[in-house]
Trainee: 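Before I ask anything, here is the structure I am working with.
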Protein chains: 2
Amino acid sequence: MSKKLTTRAEDYSKWYNELVVKADLAENSGVRGCMVIKPYGYAIWEKMQAQLDKMFKETGHSNAYFPLFVPKSMFEAEEKNAEGFAKECAVVTHYRLKNDEENKGKLIVDPNAKLEEELVVRPTSEAIIWSTYKGWVQSYRDLPLLINQWANVVRWEMRTRLFLRTAEFLWQEGHTAHATRQEAIEESEQMMHVYADFVENFMAIPVVKGLKTESERFAGAEETYCIEALMQDGKALQAGTSHFLGQNFAKAFDVKFANKEGKQEFVWGTSWGVSTRLMGALVMTHSDDNGLVLPPNLAPIQVVIVPIHRTDEQLDAISAQVKELMVDLRKVGVSVKYDNRDTQKPGFKFAEWELKGVPVRLAIGPNDLENGTYEVARRDTLTKEVVSKDGIVAYLQDLLSKIQADLYQRAFDFRDTHITEVNSWDEFVDVLENKTGFISAHWDGTPETEEKIKEMTKATIRCIPLDRVEEAGVCVLTGKPSTGRVLFAKAY
Amino acid sequence: MSKKLTTRAEDYSKWYNELVVKADLAENSGVRGCMVIKPYGYAIWEKMQAQLDKMFKETGHSNAYFPLFVPKSMFEAEEKNAEGFAKECAVVTHYRLKNDEENKGKLIVDPNAKLEEELVVRPTSEAIIWSTYKGWVQSYRDLPLLINQWANVVRWEMRTRLFLRTAEFLWQEGHTAHATRQEAIEESEQMMHVYADFVENFMAIPVVKGLKTESERFAGAEETYCIEALMQDGKALQAGTSHFLGQNFAKAFDVKFANKEGKQEFVWGTSWGVSTRLMGALVMTHSDDNGLVLPPNLAPIQVVIVPIHRTDEQLDAISAQVKELMVDLRKVGVSVKYDNRDTQKPGFKFAEWELKGVPVRLAIGPNDLENGTYEVARRDTLTKEVVSKDGIVAYLQDLLSKIQADLYQRAFDFRDTHITEVNSWDEFVDVLENKTGFISAHWDGTPETEEKIKEMTKATIRCIPLDRVEEAGVCVLTGKPSTGRVLFAKAY
């Protein structure tokens with residue numbers, strides 16, 4: 001609270017870094033690349049988890065838990081996956097420390113406690129899970145397996161940023177096994193839709209659903225479905241992925257089943273995940289120069305009430321009325337906090353709850369008490385209104401719904417005006433440099449062109465939109481023929 | 001389902017190991033000492049988590065998340081804690097794998113990717129958390145910090161058993177910081193009571209609350225409070241611990257605050273945890289030779305309904321009635337499953353749900369349909385009753401409450417008859433060998449005697465009960481004076 005936030009116009013990246021720390025979402029830890037998720041940030045993550053978990057269960061999935069460690073020989077079994085993650089694996093080589101005889105009070109790794117086989121700290125769990133599924137699947141009756149895991153994973157990133165890219169992060173990873181190719185494809189599509197539903201209706205972030213190109217695909221997948229969001233600075237952020245794994249992992253781990261005719265077949269697989277990265281998307285979609293703006297569906301505190309008083313008698317009268325209101329609000333499921341700290345002035349409290357993104361602030365002073373009113377302030381629009389205390393509960397419920405819808409609409413409009421169709425390389429470069437956002441352009445379908453564009457501009461193909469229309473055109477870079485547009489953008 | 005369980009009388013340990021796997025709770029993984037928690041086992045753990053989390057929040061705690069890794073220098077800062085855990089630490093030394101040029105398709109640890117400082121995989125998080133708290137605490141206004149974390153931890157155990165002792169396990173760890181010694185002691189006592197409340201009222205397991213002796217204390221604690229349970233084989237199991245840390249970690253990590261007078265003081269700390277080990281206690285307290293017995297408060301499925309029919313018409317009529325009942329049961333919060341699989345006979349289903357410990361089974365056949373009845377079977381007593389379908393919902397609600405209470409009472413009676421007061425060494429050895437259970441005996445208060453008894457009998461002091469009465473006596477081994485009894489037992 002000590003110093004004003006850097007504004008987005010000044011330095012968007014700095015604004016983000018400062019905001020995440022000042023709003024008590026997370027901070028860097030004493031461990032390289034690993035973050036501490038602070039209670040306020042974790043409370044938002046818990047709300048996200050609870051909603052996603054409900055949606056996974058409604059679509060038939062159960063939770064389970066698989067080991068943190070993957071023996072190296074197991075890790076390398078599916079070659080593409082192993083190759084994709086080998087460069088960023090934390091590796092456990094020893095299982096004991098001992099006293100350093102040369103430095104009293106210091107510990108060193110005990111050379112006598114070297115593991116026979118090194119253990120990889122899971123960067124993702126396909127290997128350990130498919131090696132387990134081998135024991136769970138014999139017949140078509142054992143399928144499908146519809147399992148999800150909430151876990152921590154580790155990818156040794158060289159440049160890290162809170163939530164967006166950290167060495168350790170929290171996520172969920174679904175891993176399913178099916179009897180047919182078609183069923184597995186349907187599962188991966190279903191989970192992409194579940195993610196889109198969650199991100200749009202709870203996070204209030206519009207997304208484009210699409211397919212990744214071959215070079216952007218998950219290592220070991222035959223197809224990667226994704227949802228792509230657009231941040232306020234015009235950069236894209238991949239908000240969730242769902243992979244159709246074909247029979248790749250089943251073959252690598254020899255997972256077969258007897259079909260109805262008794263014939264042995266390899267199982268078909270999917271995996272899908274979202275992570276604490278979504279917290280970064282939440283911040284970068286809605287927040288402003290005053291701090292966080294949280295959608296009511298995910299705000300740990302939806303309504304904060306600040307008393308304004310000069311005397312203790314005034315405070316007592318205010319508190320008595322507020323306590324009744326809080327009971328009524330909680331009855332209808334609104335989470336509310338009464339900030340009656342006597343150590344801070346109202347102005348300080350207003351700024352603090354603004355910084356923390358509480359959707360609605362109520363203030364009540366002696367005049368309000370007399371007039372039977374509250375001052376109601378919206379965090380998203382920074383507007384105020386005086387509202388009668390009669391019917392205030394229904395008013396606040398409506399207002400919270402309206403804020404949720406308005407946040408989505410605002411983000412949607414921004415995204416909508418930041419998808420630009422371009423038909424020449426000059427236009428491509430111009431939009432990328434000046435307007436930013438998604439660029440809808442023709443591409444000749446080759447990884448070489450994709451790579452060249454990336455090298456020249458840092459823009460990547462975010463996805464081939466699922467709803468794209470067939471359209472004859474020519475590649476924006478090579479002029480070769482194309483049958484439809486893809487979405488390019490610079491990305492987080 | 002293929003083979004009968006080993007009975008408890010035959011081999012209690014084998015019975016446990018078989019049951020955990022056959023009832024689909026957990027299994028060993030391809031990673032040494034690490035388990036896979038299967039969906040059915042995880043569903044029980046989720047219920048335990050949900051209830052504990054609620055109780056933590058009701059007592060003012062918030063969740064947060066701290067890094068998996070602890071740099072070696074940070075780990076060793078609190079000497080006793082470091083020494084206590086050094087012998088069982090998994091250590092990350094490298095952050096990359098690379099292709100093995102001599103073995104195509106194989107990966108090796110990249111020697112060029114050695115970490116400057118090794119990272120310990122957290123065996124417990126005091127070090128990383130107190131190093132963070134240093135940045136969070138300046139003044140008495142920042143206190144108390146009341147934080148909990150749900151996480152995985154790793155302790156490299158040489159001999160492991162599913163749930164009871166695994167290299168990786170899931171747990172929660174509370175870490176609180178306070179301005180005064182008294183407040184920290186009250187917090188550690190409060191959390192011991194919260195644990196006891198949970199274990200007794202949800203797991204239906206009676207516990208003894210007590211203090212650990214110095215040699216059994218958590219490494220780095222000034223006092224360890226514990227709850228101790230008794231398993232059916234007469235061995236004790238530590239079900240939860242709560243530690244008063246004094247200022248040990250505050251001093252090791254230099255965590256000070258300015259008190260109201262502006263004077264700098266070290267902060268006082270506590271930590272407390274329960275783990276997936278509780279799953280083992282649950283199995284070993286209630287289950288029998290037919291399989292699991294789950295207390296209704298933690299059973300993922302409280303009521304299972306099995307149709308018995310010869311014709312499709314009969315099944316249709318049964319299903320129509322059952323569907324209505326299910327709606328009514330779910331309305332009042334009873335979780336119910338209708339097992340209408342056509343691939344299995346009723347007898348197979350009965351045995352399967354018995355194995356899985358579902359508290360109540362309803363069977364309904366054509367006669368029941370005609371008579372307006374259900375056959376209701378209790379898992380805990382293996383008794384059956386025919387009950388009218390009128391009022392069945394209330395009947396089942398009552399029955400579930402009664403089963404919960406009866407399970408607790410049965411375990412309590414067993415525990416009660418297995419606390420034996422002994423006054424001589426011969427009696428001590430006799431009870432330990434023949435009757436088993438807790439032994440209430442005088443002890444001279446020295447670690448030497450405690451150690452000697454452990455060496456001679458494998459029995460340890462489980463706790464100094466909080467409710468013990470002052471009583472002059474003589475140590476059961478040395479004959480030296482004592483002022484009160486302590487509880488000995490062999491333990492898991």
Trainee: List the steps and the verdict of side-chain contact (heavy atoms from CB on, under 4.5 Å) for A/Leu68 and B/Val121.
Mentor: CA-CA 10 Å; A/Leu68 171 67; B/Val121 181; 4.2 Å; yes

Trainee: Chain A: which of B/Cys34, B/Gly41, B/Gly30, B/Pro39 shares the most heavy-atom pairs with it under 4.5 Å?
Mentor: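 Looking at each of B/Cys34, B/Gly41, B/Gly30, B/Pro39 in turn, B/Pro39 comes out on top.
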
Trainee: Non-hydrogen atoms of chain B under 4.5 Å away: do they reach the side chain of A/Ile129, the backbone, both or neither?
Mentor: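 It is neither, since no heavy atom gets under 4.5 Å.
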
Trainee: What is the distance from atom CG of B/Leu107 to atom SG of A/Cys89, rounded to the nearest 0.5 Å?
Mentor: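 B/Leu107 atom CG to A/Cys89 atom SG measures 8.0 Å (nearest 0.5 Å).
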
Trainee: Any donor-acceptor pairs between chain A and chain B, under 3.5 Å? If so, list them.
Mentor:
| residue | atom | partner | partner atom | Å |
| --- | --- | --- | --- | --- |
| B/Glu27 | OE1 | A/Trp136 | NE1 | 3.0 |
| B/Glu27 | OE2 | A/Trp136 | NE1 | 3.0 |
| B/Ile37 | N | A/Tyr65 | O | 2.8 |
| B/Ile37 | O | A/Tyr65 | N | 3.0 |
| B/Glu46 | OE1 | A/Lys57 | NZ | 3.4 |
| B/Glu46 | OE2 | A/Lys57 | NZ | 3.0 |
| B/Glu46 | OE2 | A/Asn63 | ND2 | 2.7 |
| B/Lys57 | NZ | A/Glu46 | OE1 | 3.4 |
| B/Lys57 | NZ | A/Glu46 | OE2 | 3.0 |
| B/Asn63 | ND2 | A/Glu46 | OE2 | 2.7 |
| B/Tyr65 | N | A/Ile37 | O | 3.0 |
| B/Tyr65 | O | A/Ile37 | N | 2.8 |
| B/Tyr65 | OH | A/Asn152 | ND2 | 3.3 |
| B/Tyr65 | OH | A/Glu168 | OE2 | 2.5 |
| B/Leu68 | N | A/Glu168 | OE1 | 3.0 |
| B/Lys72 | NZ | A/Leu107 | O | 2.6 |
| B/Glu76 | OE1 | A/Leu107 | N | 2.7 |
| B/Ala86 | O | A/Leu97 | N | 2.9 |
| B/Cys89 | N | A/Tyr95 | O | 3.4 |
| B/Cys89 | O | A/Arg96 | N | 3.0 |
| B/Val91 | N | A/His94 | O | 2.9 |
| B/Val91 | O | A/Thr93 | N | 3.1 |
| B/Thr93 | N | A/Val91 | O | 3.1 |
| B/Thr93 | OG1 | A/Thr93 | OG1 | 2.7 |
| B/His94 | O | A/Val91 | N | 2.9 |
| B/Tyr95 | O | A/Cys89 | N | 3.4 |
| B/Arg96 | N | A/Cys89 | O | 3.0 |
| B/Leu97 | N | A/Ala86 | O | 2.9 |
| B/Leu107 | N | A/Glu76 | OE1 | 2.7 |
| B/Leu107 | O | A/Lys72 | NZ | 2.6 |
| B/Trp136 | NE1 | A/Glu27 | OE1 | 3.0 |
| B/Trp136 | NE1 | A/Glu27 | OE2 | 3.0 |
| B/Asn152 | OD1 | A/Asn152 | ND2 | 3.1 |
| B/Asn152 | ND2 | A/Tyr65 | OH | 3.2 |
| B/Asn152 | ND2 | A/Asn152 | OD1 | 3.1 |
| B/Glu168 | OE1 | A/Leu68 | N | 2.9 |
| B/Glu168 | OE2 | A/Tyr65 | OH | 2.5 |

Trainee: Relative to chain A, which of B/Ala167, B/Ala82, B/Pro67 shows the most heavy atom pairs under 4.5 Å?
Mentor: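 Top count of heavy-atom pairs under 4.5 Å with chain A: B/Pro67.
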
Trainee: Heavy-atom cut-off 4.5 Å, strictly under: side chain, backbone, both or neither for A/Ile147 against chain B?
Mentor: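 The side chain, not the backbone.
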
Trainee: Go through the steps to decide whether B/Phe66 and A/Ile37 satisfy the test side-chain contact (heavy atoms from CB on, under 4.5 Å), and finish with yes or no.
Mentor: CA-CA 7 Å; B/Phe66 297 85; A/Ile37 307 179; over 6 Å; no

Trainee: Could you give me the CA-CA distance, side-chain angles and deciding distance for A/Val31 and B/Val70, then say whether side-chain contact (heavy atoms from CB on, under 4.5 Å) is met?
Mentor: CA-CA 7 Å; A/Val31 192; B/Val70 190; 5.9 Å; no

Trainee: Listed by chain and number, what are the ring-ring contact (aromatic ring centres under 6.0 Å, His included) partners of A/Phe85, not counting sequence neighbours?
Mentor: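 For A/Phe85 the ring-ring contact (aromatic ring centres under 6.0 Å, His included) partners, ignoring immediate neighbours, are A/Phe218.
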
Trainee: Taking every heavy-atom pair that is under 4.5 Å apart, which of A/Ala86, A/Ala90, A/Gly105 has the most such pairs with chain B?
Mentor: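 Top count of heavy-atom pairs under 4.5 Å with chain B: A/Ala86.
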
Trainee: Can you find a pair of side-chain heavy atoms, one from B/Val91 and one from A/Leu97, that are under 4.5 Å apart?
Mentor: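 The answer is yes; the side chains approach within 4.5 Å.
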
